[in-house]
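For reference, the structure discussed in these notes is given below.
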Amino acid sequence: MSISAALGDASAKLAAMSDTARLDAELLMAHALGVERGAMLLDPKRFDVPVTFAALVERRMAHEPIAYIVGRRDFWTINLGVGPGVLIPRADSETLIEAALAHFGEAGPANILDLGTGPGTLLLAALHQWPNARGVGVDMSEIALGYARANAAALGLADRATFMAGDWADGGTADLILCNPPYIESNARLDRQVIDYEPPEALFAGVDGLGDYRIIIPTLAPRILPGGVAIIEIGVGQCAAVTALAVSEGFAVAFKRDLGGRERALICTPV
(Lines give C-alpha, C1' and ligand atoms only; values in the text may rest on other atoms or scores of the structure.)
Protein backbone atom coordinates (compact mmCIF):
# COMPACT_ATOMS: atom_id res chain seq x y z
CA MET A 1 0.00 0.00 0.00
CA SER A 2 1.26 3.49 -0.86
CA ILE A 3 1.57 6.30 1.68
CA SER A 4 -1.36 8.12 0.06
CA ALA A 5 -3.58 5.05 0.18
CA ALA A 6 -2.61 4.31 3.79
CA LEU A 7 -3.41 7.87 4.79
CA GLY A 8 -6.79 7.66 3.10
CA ASP A 9 -7.59 4.38 4.84
CA ALA A 10 -6.50 5.69 8.24
CA SER A 11 -8.44 8.93 7.77
CA ALA A 12 -11.61 6.97 7.05
CA LYS A 13 -11.17 4.97 10.25
CA LEU A 14 -10.34 7.99 12.39
CA ALA A 15 -13.27 10.04 11.08
CA ALA A 16 -15.54 8.13 13.48
CA MET A 17 -13.84 9.66 16.52
CA SER A 18 -11.86 12.71 15.40
CA ASP A 19 -12.79 16.02 13.78
CA THR A 20 -9.24 16.21 12.41
CA ALA A 21 -8.97 12.69 11.02
CA ARG A 22 -6.78 13.50 8.01
CA LEU A 23 -4.40 15.64 10.04
CA ASP A 24 -4.21 12.94 12.71
CA ALA A 25 -3.33 10.34 10.09
CA GLU A 26 -0.64 12.55 8.58
CA LEU A 27 0.94 13.31 11.95
CA LEU A 28 0.98 9.63 12.88
CA MET A 29 2.48 8.63 9.54
CA ALA A 30 5.20 11.28 9.75
CA HIS A 31 5.98 10.11 13.28
CA ALA A 32 6.18 6.49 12.16
CA LEU A 33 8.49 7.51 9.30
CA GLY A 34 10.63 9.70 11.54
CA VAL A 35 10.33 12.68 9.19
CA GLU A 36 8.62 16.06 9.21
CA ARG A 37 5.03 16.04 8.01
CA GLY A 38 5.83 18.61 5.33
CA ALA A 39 8.60 16.45 3.87
CA MET A 40 6.28 13.45 3.76
CA LEU A 41 3.50 15.39 2.02
CA LEU A 42 5.90 16.96 -0.46
CA ASP A 43 6.98 13.61 -1.90
CA PRO A 44 5.02 10.68 -0.41
CA LYS A 45 6.21 8.27 -3.09
CA ARG A 46 9.70 8.38 -1.56
CA PHE A 47 8.49 6.39 1.44
CA ASP A 48 7.12 2.96 2.23
CA VAL A 49 4.39 2.56 4.84
CA PRO A 50 6.09 1.67 8.15
CA VAL A 51 4.96 -1.50 9.90
CA THR A 52 4.41 0.59 13.07
CA PHE A 53 1.80 2.85 11.49
CA ALA A 54 -1.22 0.56 12.03
CA ALA A 55 -0.52 0.31 15.76
CA LEU A 56 -0.35 4.10 16.05
CA VAL A 57 -3.72 4.42 14.32
CA GLU A 58 -5.20 1.89 16.76
CA ARG A 59 -3.93 3.95 19.69
CA ARG A 60 -5.61 7.02 18.26
CA MET A 61 -8.80 5.03 17.68
CA ALA A 62 -8.79 4.41 21.45
CA HIS A 63 -8.90 8.21 21.86
CA GLU A 64 -5.29 8.56 23.02
CA PRO A 65 -4.19 12.15 22.32
CA ILE A 66 -1.96 12.66 19.29
CA ALA A 67 0.50 14.58 21.47
CA TYR A 68 0.98 11.57 23.75
CA ILE A 69 1.40 9.19 20.81
CA VAL A 70 4.04 11.27 19.05
CA GLY A 71 5.47 12.65 22.30
CA ARG A 72 5.56 16.27 21.13
CA ARG A 73 3.43 19.41 20.91
CA ASP A 74 4.17 22.79 19.31
CA PHE A 75 3.47 25.85 21.44
CA TRP A 76 4.20 29.49 20.56
CA THR A 77 7.68 29.33 18.97
CA ILE A 78 8.87 26.13 20.68
CA ASN A 79 8.31 22.39 20.52
CA LEU A 80 7.75 20.58 23.81
CA GLY A 81 8.11 16.96 24.81
CA VAL A 82 4.93 15.70 26.48
CA GLY A 83 3.51 12.41 27.69
CA PRO A 84 1.16 10.77 30.18
CA GLY A 85 1.01 12.66 33.45
CA VAL A 86 1.31 16.17 31.98
CA LEU A 87 -1.27 18.59 30.64
CA ILE A 88 -0.98 18.92 26.87
CA PRO A 89 -0.28 22.53 25.83
CA ARG A 90 -3.18 24.20 23.99
CA ALA A 91 -3.03 27.00 21.46
CA ASP A 92 -5.51 28.98 23.60
CA SER A 93 -2.81 29.36 26.26
CA GLU A 94 -0.64 31.28 23.80
CA THR A 95 -2.99 34.17 24.57
CA LEU A 96 -1.12 34.61 27.88
CA ILE A 97 2.18 35.09 26.03
CA GLU A 98 0.51 37.54 23.67
CA ALA A 99 -0.81 39.52 26.65
CA ALA A 100 2.63 39.53 28.28
CA LEU A 101 4.23 40.72 25.05
CA ALA A 102 1.71 43.57 24.85
CA HIS A 103 2.56 44.58 28.43
CA PHE A 104 6.36 44.31 28.36
CA GLY A 105 7.16 44.78 24.67
CA GLU A 106 10.28 43.41 23.04
CA ALA A 107 12.45 44.29 26.05
CA GLY A 108 10.50 41.83 28.17
CA PRO A 109 10.52 41.13 31.89
CA ALA A 110 13.70 40.29 33.76
CA ASN A 111 12.16 37.61 35.96
CA ILE A 112 9.30 35.23 35.23
CA LEU A 113 7.36 32.90 37.51
CA ASP A 114 5.19 30.16 36.02
CA LEU A 115 2.78 28.62 38.53
CA GLY A 116 1.62 25.14 37.55
CA THR A 117 4.25 24.95 34.83
CA GLY A 118 3.44 21.42 33.61
CA PRO A 119 6.03 20.49 30.96
CA GLY A 120 7.39 24.06 31.16
CA THR A 121 4.87 25.38 28.65
CA LEU A 122 4.47 29.06 29.53
CA LEU A 123 7.85 29.62 31.14
CA LEU A 124 9.88 28.16 28.29
CA ALA A 125 7.81 29.98 25.67
CA ALA A 126 8.42 33.25 27.52
CA LEU A 127 12.14 32.60 27.93
CA HIS A 128 12.41 31.80 24.24
CA GLN A 129 10.61 35.05 23.47
CA TRP A 130 12.87 37.12 25.75
CA PRO A 131 16.50 35.90 25.70
CA ASN A 132 17.58 38.12 28.60
CA ALA A 133 14.93 36.85 31.01
CA ARG A 134 15.27 34.20 33.68
CA GLY A 135 12.51 32.25 35.34
CA VAL A 136 11.16 29.71 37.78
CA GLY A 137 8.54 27.07 37.08
CA VAL A 138 6.61 25.53 39.96
CA ASP A 139 4.55 22.35 39.88
CA MET A 140 3.36 19.74 42.36
CA SER A 141 3.93 16.90 39.89
CA GLU A 142 7.38 15.33 39.68
CA ILE A 143 6.36 13.81 36.35
CA ALA A 144 5.62 17.25 34.95
CA LEU A 145 8.84 18.68 36.36
CA GLY A 146 10.81 15.91 34.69
CA TYR A 147 9.36 16.86 31.33
CA ALA A 148 9.94 20.56 32.05
CA ARG A 149 13.62 20.05 32.84
CA ALA A 150 14.11 17.87 29.77
CA ASN A 151 12.38 20.46 27.58
CA ALA A 152 14.52 23.27 28.99
CA ALA A 153 17.66 21.29 28.18
CA ALA A 154 16.47 20.42 24.67
CA LEU A 155 15.68 24.08 23.95
CA GLY A 156 18.99 25.34 25.32
CA LEU A 157 17.22 27.18 28.15
CA ALA A 158 18.37 25.15 31.15
CA ASP A 159 20.75 27.89 32.28
CA ARG A 160 17.87 30.38 32.55
CA ALA A 161 15.07 28.13 33.82
CA THR A 162 14.77 26.67 37.31
CA PHE A 163 12.06 24.17 38.16
CA MET A 164 10.89 23.33 41.66
CA ALA A 165 8.26 21.22 43.37
CA GLY A 166 5.72 23.38 45.19
CA ASP A 167 2.22 24.76 45.36
CA TRP A 168 0.55 28.01 44.34
CA ALA A 169 2.28 30.08 47.04
CA ASP A 170 5.83 29.05 46.09
CA GLY A 171 8.40 30.42 43.68
CA GLY A 172 9.19 33.86 45.07
CA THR A 173 8.73 37.18 43.29
CA ALA A 174 8.81 38.13 39.61
CA ASP A 175 8.08 40.86 37.10
CA LEU A 176 5.76 38.51 35.23
CA ILE A 177 3.69 35.80 36.89
CA LEU A 178 2.04 33.36 34.49
CA CYS A 179 -0.48 30.76 35.57
CA ASN A 180 -2.69 28.23 33.80
CA PRO A 181 -4.44 26.57 36.75
CA PRO A 182 -7.11 23.87 36.74
CA TYR A 183 -10.45 25.55 36.04
CA ILE A 184 -12.91 22.89 34.89
CA GLU A 185 -16.01 22.11 36.96
CA SER A 186 -15.81 18.71 38.64
CA ASN A 187 -19.01 17.50 36.97
CA ALA A 188 -18.14 18.75 33.47
CA ARG A 189 -18.40 16.30 30.57
CA LEU A 190 -15.13 16.19 28.63
CA ASP A 191 -13.92 14.53 25.47
CA ARG A 192 -12.56 11.03 26.05
CA GLN A 193 -9.09 12.01 24.89
CA VAL A 194 -9.00 14.46 27.79
CA ILE A 195 -10.81 12.68 30.61
CA ASP A 196 -9.33 9.23 29.90
CA TYR A 197 -5.72 10.36 29.52
CA GLU A 198 -4.77 13.77 30.92
CA PRO A 199 -4.10 14.20 34.66
CA PRO A 200 -7.29 15.18 36.53
CA GLU A 201 -5.34 17.31 39.01
CA ALA A 202 -4.42 19.61 36.11
CA LEU A 203 -8.03 19.88 34.94
CA PHE A 204 -10.57 20.09 37.76
CA ALA A 205 -11.07 22.82 40.36
CA GLY A 206 -14.20 22.08 42.35
CA VAL A 207 -17.88 22.23 41.54
CA ASP A 208 -17.67 25.71 40.01
CA GLY A 209 -14.15 25.48 38.59
CA LEU A 210 -12.99 28.43 40.69
CA GLY A 211 -11.37 26.62 43.60
CA ASP A 212 -7.76 27.22 42.60
CA TYR A 213 -8.34 30.88 41.72
CA ARG A 214 -9.52 31.43 45.30
CA ILE A 215 -6.16 30.10 46.51
CA ILE A 216 -3.89 31.71 43.92
CA ILE A 217 -5.17 35.27 43.60
CA PRO A 218 -4.76 36.30 47.27
CA THR A 219 -1.07 35.30 47.11
CA LEU A 220 -0.13 37.34 44.05
CA ALA A 221 0.13 41.04 44.93
CA PRO A 222 3.18 40.83 47.26
CA ARG A 223 4.97 38.69 44.69
CA ILE A 224 4.72 41.04 41.72
CA LEU A 225 7.71 43.36 41.39
CA PRO A 226 7.18 47.07 40.56
CA GLY A 227 5.91 47.53 37.03
CA GLY A 228 5.00 43.87 36.84
CA VAL A 229 1.82 41.94 36.16
CA ALA A 230 0.16 38.57 36.72
CA ILE A 231 -1.54 36.92 33.75
CA ILE A 232 -3.86 34.03 34.48
CA GLU A 233 -5.71 31.72 32.12
CA ILE A 234 -9.47 31.46 32.61
CA GLY A 235 -12.14 29.18 31.23
CA VAL A 236 -15.17 30.09 29.15
CA GLY A 237 -17.69 32.07 31.18
CA GLN A 238 -15.35 32.65 34.13
CA CYS A 239 -14.19 36.20 33.41
CA ALA A 240 -16.68 38.00 35.65
CA ALA A 241 -16.19 35.70 38.64
CA VAL A 242 -12.38 35.67 38.49
CA THR A 243 -12.28 39.42 37.84
CA ALA A 244 -14.33 39.96 41.01
CA LEU A 245 -11.85 37.85 42.97
CA ALA A 246 -8.92 39.87 41.61
CA VAL A 247 -10.55 43.26 42.20
CA SER A 248 -11.28 42.26 45.80
CA GLU A 249 -7.54 41.70 46.22
CA GLY A 250 -6.70 45.18 44.95
CA PHE A 251 -5.92 44.51 41.30
CA ALA A 252 -6.81 46.49 38.22
CA VAL A 253 -8.03 43.89 35.76
CA ALA A 254 -8.13 43.60 31.97
CA PHE A 255 -8.53 40.61 29.72
CA LYS A 256 -7.42 39.36 26.33
CA ARG A 257 -9.47 37.13 24.05
CA ASP A 258 -8.13 34.02 22.34
CA LEU A 259 -8.41 33.39 18.59
CA GLY A 260 -11.89 32.00 19.11
CA GLY A 261 -13.04 35.30 20.62
CA ARG A 262 -13.29 33.89 24.16
CA GLU A 263 -12.04 35.75 27.24
CA ARG A 264 -8.91 33.72 27.97
CA ALA A 265 -6.16 35.73 29.70
CA LEU A 266 -6.91 37.78 32.80
CA ILE A 267 -4.32 40.54 33.26
CA CYS A 268 -3.95 41.59 36.89
CA THR A 269 -1.98 44.73 37.74
CA PRO A 270 -1.43 45.82 41.36
CA VAL A 271 -2.81 49.28 42.16
Side-chain angles (χ1 to χ4, degrees), residues 1-94 117-122 124-125 128 139 141-155 180 184 188-204 259-260:
M1 183 181 288
S2 69
I3 293 290
S4 296
L7 287 173
D9 183 63
S11 298
K13 291 179 180 179
L14 293 169
M17 52 72 60
S18 174
D19 294 331
T20 56
R22 180 70 186 196
L23 176 61
D24 291 359
E26 291 173 358
L27 291 170
L28 294 175
M29 181 67 80
H31 178 65
L33 289 168
V35 301
E36 295 293 327
R37 173 171 164 260
M40 176 193 72
L41 295 176
L42 186 64
D43 189 8
K45 293 180 180 179
R46 287 178 49 207
F47 306 102
D48 295 322
V49 178
V51 295
T52 56
F53 178 62
L56 298 181
V57 173
E58 289 303 313
R59 289 172 64 183
R60 182 64 182 135
M61 288 290 293
H63 296 265
E64 185 173 354
I66 287 285
Y68 283 178
I69 299 173
V70 305
R72 313 294 307 173
R73 174 56 68 92
D74 288 332
F75 182 82
W76 196 241
T77 57
I78 59 177
N79 183 265
L80 296 165
V82 297
V86 300
L87 186 72
I88 298 169
R90 268 78 165 172
D92 288 343
S93 299
E94 293 181 355
T117 191
T121 303
L122 293 170
L124 297 176
H128 195 260
D139 206 288
S141 167
E142 288 294 344
I143 295 173
L145 291 170
Y147 275 99
R149 293 182 181 112
N151 283 326
L155 292 166
N180 178 15
I184 298 173
R189 298 184 66 181
L190 302 177
D191 191 284
R192 281 186 58 190
Q193 68 178 339
V194 178
I195 194 64
D196 288 354
Y197 289 94
E198 295 192 71
E201 62 272 18
L203 299 170
F204 299 107
L259 290 176

| Main-chain N/O of P119 paired with N151 side-chain donor or acceptor, under 3.5 Å | yes
| remark: dist D196:CG -> D191:CG (nearest 0.5 Å) comes out at 9.0 Å
| How close do L14 and R60 get, heavy atom to heavy atom, and via which atoms? | CD2-CG, 3.5 Å
| task | Mind listing the closest non-hydrogen atom pair of P89 and T121 along with its distance? | result | CG-OG1, 3.4 Å
Name each donor-acceptor pair under 3.5 Å that joins a side chain in residues 3-12 to protein atoms two or more places apart or in another chain, with its distance.
{"residue": "S11", "atom": "OG", "partner": "L7", "partner atom": "O", "Å": "2.7"}

| message | To the nearest 0.5 Å, what is the distance between CD1 on I66 and CZ on R72? | response | 15.0 Å
| message | Heavy-atom count check: over 12 atoms from other residues, nucleotides or ligands less than 6.0 Å from D48 CG? | response | no
| Is there a donor-acceptor pair under 3.5 Å between the side chain of R37 and the backbone N or O of E26? | no
| said: Looking at every heavy atom in both I143 and P84, which two are closest together, and how far apart are they? | reply: CG2-O, 3.7 Å
| message | How close do D24 and S18 get, counting heavy atoms only, and between which atoms? | response | OD2-OG, 2.7 Å
| message | Just verifying a value: how many Å separate Y197 OH and R192 CZ, rounded to the nearest 0.5 Å? | response | 7.0 Å
| Can you find a heavy atom in the side chain of L124 that is under 4.5 Å from one in the side chain of T117? | no
| query | Can you check side chain to side chain contact (heavy atoms under 4.5 Å, CB included) on F75 and L122, steps first, answer last? | reply | CA-CA 9 Å; F75 182 82; L122 293 170; 3.9 Å; yes
| task | Give a yes or no answer on whether the side chain of E198 reaches the backbone of I88 with a donor-acceptor pair at less than 3.5 Å. | result | yes
| query | How long is the span from the NZ atom in K13 to the CE atom in M61, to the nearest 0.5 Å? | reply | 7.5 Å
| message | Looking at D139 and L145, would you say the former's side chain and the latter's main chain have a donor-acceptor pair under 3.5 Å? | response | no
| Would you find more than 12 non-hydrogen atoms of other residues, nucleotides or ligands less than 6.0 Å from D19 atom CG? | no
| field | Residue pair P199 / Y68: nearest heavy atoms and the distance that separates them | value | CD-OH, 3.8 Å
| request: Working to the nearest 0.5 Å, report the span between CD of E94 and OG1 of T77. | output: 8.5 Å
| So, the side chain of T20 versus the backbone of L23: is there a donor-acceptor pair under 3.5 Å, distance only? | no
| field | For L190 against I195, the heavy-atom pair lying closest together | value | O-CG2, 4.0 Å
